[in-house]
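Written out below as structure tokens is the structure these notes cover.
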Amino acid sequence: VQLQASGGGLAQGGGSLRLSCAASGFTFDDGAIAWFRQTPGKEREGISSIIRRRIMPSEDSTYYADSVKGRFTMSSDIMKKTVYLQMNSLKPEDTAVYYCAADDRFAVYGSNWAKHWAYDYWGQGTEVTVSS
């Protein structure tokens, strides 16, 4: 699995950005793919995750951190093998390096989707800066 994140940049507070993560070698119907972010000196924070699992217990869910709920939307385009993170109503505290991550070992569930250690594959980060 290889992940390539893009779309970061500079935005004004209240503005929008859309991040993309191209995922090659990943089976979207059976796995978890997520967005994390990190600022210097802080642990990587889970932002959103899409979990799809056909084996029992089956799942098709999207999770969000409370800090972004209602402002960020994660989606996937299976044909393009790409996931997106639409970020609206951006705040200066959203400034961070954003990473996409994936798991294909069925290790990610609703109880641990935001834990960085649950994911095996990571893309390079894309930097987002939000000015006030």
Side-chain angles (χ1 to χ4, degrees):
V1 176
Q2 292 189 321
L3 306 172
Q4 180 77 30
S6 61
L10 178 64
Q12 287 191 329
S16 299
L17 280 175
R18 188 177 81 156
L19 305 183
S20 300
C21 176
S24 59
F26 179 73
T27 303
F28 280 79
D29 285 342
D30 273 315
I33 190 161
W35 287 99
F36 283 75
R37 66 186 180 189
Q38 190 169 27
T39 53
K42 291 191 176 180
E43 191 168 320
R44 205 163 284 193
E45 176 191 10
I47 297 301
S48 182
S49 183
I50 294 175
I51 302 174
R52 293 197 179 106
R53 187 172 52 248
R54 289 178 289 184
I55 63 170
M56 292 299 287
S58 62
E59 183 165 11
D60 185 355
S61 304
T62 304
Y63 297 89
Y64 295 96
D66 288 343
S67 59
V68 305
K69 204 170 289 183
R71 300 188 298 122
F72 291 10
T73 302
M74 185 174 180
S75 61
S76 64
D77 185 330
I78 295 175
M79 294 299 292
K80 293 184 178 179
K81 299 184 184 297
T82 301
V83 294
Y84 304 97
L85 185 69
Q86 178 66 44
M87 305 187 294
N88 298 330
S89 302
L90 283 164
K91 303 175 181 180
E93 51 263 44
D94 294 319
T95 295
V97 178
Y98 284 71
Y99 299 88
C100 55
D103 166 72
D104 60 1
R105 303 169 300 131
F106 305 114
V108 178
Y109 292 84
S111 58
N112 67 358
W113 72 266
K115 304 298 185 183
H116 62 85
W117 45 257
Y119 299 83
D120 264 355
Y121 307 102
W122 290 85
Q124 90 295 351
T126 185
E127 192 164 359
V128 171
T129 303
V130 183
S131 62
S132 55

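The analysis underlying the following values was restricted to heavy atoms, covering all of them including side chains, and did not include hydrogens, waters or symmetry mates. For the single chain, residues carry numbers from 1 onward in sequence order.
- The side chain to side chain donor-acceptor pair (under 3.5 Å) test applied to Ser61 returns Glu59, not counting sequence neighbours.
- Side-chain contact between Tyr64 and Met74 is present, with at least one heavy-atom pair separated by less than 4.5 Å.
- For Tyr119 and Phe36, the ring centers are positioned less than 6.0 Å apart.
- For the side chain to side chain donor-acceptor pair (under 3.5 Å) test, residues two or more places apart in sequence or in another chain that qualify with Asp60 are Arg52.
- Residues passing the salt bridge (charged side-chain N to carboxylate O under 4.0 Å, His left out) test with Asp77: none are found, sequence neighbours excluded.
- Proximity of a side-chain donor or acceptor of Asp30 to a complementary backbone N or O of Arg54 within less than 3.5 Å is detected.
- Residues Met87 and Asp94 are not in side-chain contact: their nearest non-hydrogen atoms beyond the backbone lie 4.5 Å or more apart.
- The shortest side-chain heavy-atom distance between Thr62 and Thr73 does not fall under the 4.5 Å cut-off.
- Under the side chain to side chain donor-acceptor pair (under 3.5 Å) criterion, Gln38 pairs with Arg44, not counting sequence neighbours.
- Panel note: side chain Ser76, backbone Val83; no donor-acceptor pair is recorded below 3.5 Å.
- Residue pairs that meet the ring pair (Phe, Tyr, Trp, His ring centres under 6.0 Å) test with at least one member in residues 78-110, sequence neighbours left out, do not exist here.
- Considering only residues two or more places apart in sequence or on other chains, Ser16 meets the side chain to side chain donor-acceptor pair (under 3.5 Å) condition with Asn88.
- Checked by atom type, the side-chain pair Ser67/Glu93 shows no donor-acceptor distance below 3.5 Å.
- Listed for the Asn112 side chain is a donor-acceptor partner under 3.5 Å among the backbone atoms of Ala107.
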